[in-house]
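See below for the structure under consideration.
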Amino acid sequence: MSAERFTKPFYITQPLLPDIDQINEMIKIIWDSNQLSNNGNMVKQLEKELSNFLKADYLSVFSNGTVALQLACKILRLSGEVITTPFTFAATVHALAWNNIKPVFCDIEEDTFNLNPDFIEALITQDTTAIMPVHVFGTPCNVEKIQQIADRHGLKVLYDAAHAFGVEINGKPVSSFGDISMFSFHATKIYHTIEGGALTFKDAHFKERANSLRNFGIRDLDNITEPGTNGKLNEVQAAVGILLLKLVEDEIERRKEITGLYRRLLENTSGITTSKDIDGIKYNYPYFVIKVDKKEYGLSRDELYEELMKYNIFARKYFYPLCSNFQCYRDLPSATVSRLPVANKIAEIVLALPLHGRMLNSDVENICSIIKNIGSSSL
Ligand SMILES: Cc1ncc(COP(=O)(O)O)c(C=O)c1O
């Protein structure tokens, strides 16, 4: 197969965009209303539509997923120590640190890259208040095992579901597990509001608190009950979200096709492992990641990453460096490299390749040919 250098940079993703005329119509409605923020009609409509789409009992939107996570810790009154994964984006762990909570890192599973429930109990102390797992790359965690552990020890479960928009486990939405789930609507996600995020709750009271906390702790005109922040989504962003909700299922369908093509084309490439779908899971295909085995492939993950750039392909080392190796966390006892062998290994060998709904099959074919050619010529 021919392997051609892309003439323009080929990035890891490209945002899903609403039709320009449709967004202009929505903006006209917002302009006419003279309300640009502060829980306006667009935000209310978006929350209603998202609750239906995600099958969530209660849902609130925020200016971004990070603020949403920080506030979820407050809503659940977390303190002391929270057990989480090092194989995640910085925001997960930072949300704990911003709440003066000590992150306790737990190693991950080799295949799913998610928190390994078998190692959680050994990390529980009298200061532990919660478990904060991440559905990494949209693959759901072992939710049942995690809940059993939480119930046994009286812990809360706060899911970072930033990647898991629309994911279901045996017909149940991911948001139905744990106490609160957070979804990120950043422009790089499959569904977005440019910047934004949401929390889903089973309890109406949590939504009330969330809405007050995202608006400076203002309960009503006469009462400010706690030190909230400014975590509001504005009307224009909500309008983008309303329009993209109509497109997201097609986006996921196209990503599923591309993922299938990548898997087929890379299947017999020595040293490259792709993921597989597990029965009973409705996936959303947010990333396409491979594992690179230097001995078999000839190049390390880092070398492949550098080589791909020569072909104008910009892959991403997700998640590298590991959160437990950040300067601000590496001195924690749980961050010791020898305690997190799987996470440290995975962070060195995983590479996310470009994936978005506008990619052509010929783009995928070219990327796979390049990967195959680079590998075979270096052995
Ligand atoms: C796993 C994870 N958690 C949290 C976040 C933070 O979300 P946001 O960018 O919306 O603040 C992101 C993405 O950016 C993420 O990938």
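This is a predicted model, so every value here is computed, not measured. Start at 1 and go down the list; that is how both ligands and their atoms are numbered.
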Among non-hydrogen protein atoms, atom 12 (C) of ligand 1 lies closest to Phe89 CD2, 3.5 Å
Counting from 1 in the order shown, the ligand 1 atoms closer than 4.0 Å to a non-hydrogen atom of His163 are 1 (C), 15 (C), 16 (O)
Flag for His186-Thr188: side-chain donor and acceptor within less than 3.5 Å: yes
Short version for Asp160: what comes under 4.0 Å of ligand 1, heavy atoms counted, is side chain
Ring pair (Phe, Tyr, Trp, His ring centres under 6.0 Å) pairs touching residues 103-135, sequence neighbours excluded, are Phe87-Phe113, Phe113-Phe137, His135-Tyr159
Short version for Glu195: what comes under 4.0 Å of ligand 1, heavy atoms counted, is neither
Counting from 1 in the order shown, the ligand 1 atoms closer than 4.0 Å to a non-hydrogen atom of Gly65 are 7 (O), 8 (P), 10 (O), 11 (O)
Taking only non-hydrogen atoms of Thr66 and a 4.0 Å limit, the atoms of ligand 1 in range are 6 (C), 7 (O), 8 (P), 11 (O)
Quick note on ligand 1: atoms under 4.0 Å from a heavy atom of Gly196 include exactly 10 (O)
If you count heavy atoms of other groups shown closer than 6.0 angstrom to CD of Glu121, is the number above 12?
yes
Near Ala91 (heavy-atom distance under 4.0 Å), the atoms of ligand 1 are 4 (C), 5 (C), 6 (C)
Do Tyr311 and Phe10 make the cut of ring centroids closer than 6.0 angstrom? no
Here the atoms of ligand 1 under 4.0 Å from any heavy atom belonging to Thr88 are 1 (C)
- Message: Would Arg301 and Tyr320 count as a cation-pi pair here, with the cationic atom under 6.0 angstrom from the ring centre and within 45° of the axis?
- Response: yes
Thr92 heavy atoms within 4.0 Å reach ligand 1 at atoms 3 (N)
(message) Quick one, Thr129 with Ile101, criterion side-chain contact (heavy atoms from CB on, under 4.5 Å). Give me CA distance, side-chain angles, the key distance, then yes/no.
(response) CA-CA 10 Å; Thr129 54; Ile101 294 166; 5.5 Å; no
Next on the checklist: So for ligand 1, is Lys189 a polar contact partner (N or O within less than 3.5 Å, distance only)?
Outcome noted: yes
side-chain contact (heavy atoms from CB on, under 4.5 Å) filter on Lys256, not counting sequence neighbours, yields Glu253, Tyr285
request  = Return a yes/no value for Ser184: is any of its N or O atoms, backbone included, closer than 3.5 angstrom to an N or O of ligand 1?
outcome  = yes
Check the orientation of Phe53 and Phe165. Use parallel for under 30°, tilted for 30 to 60°, and perpendicular for over 60°. parallel
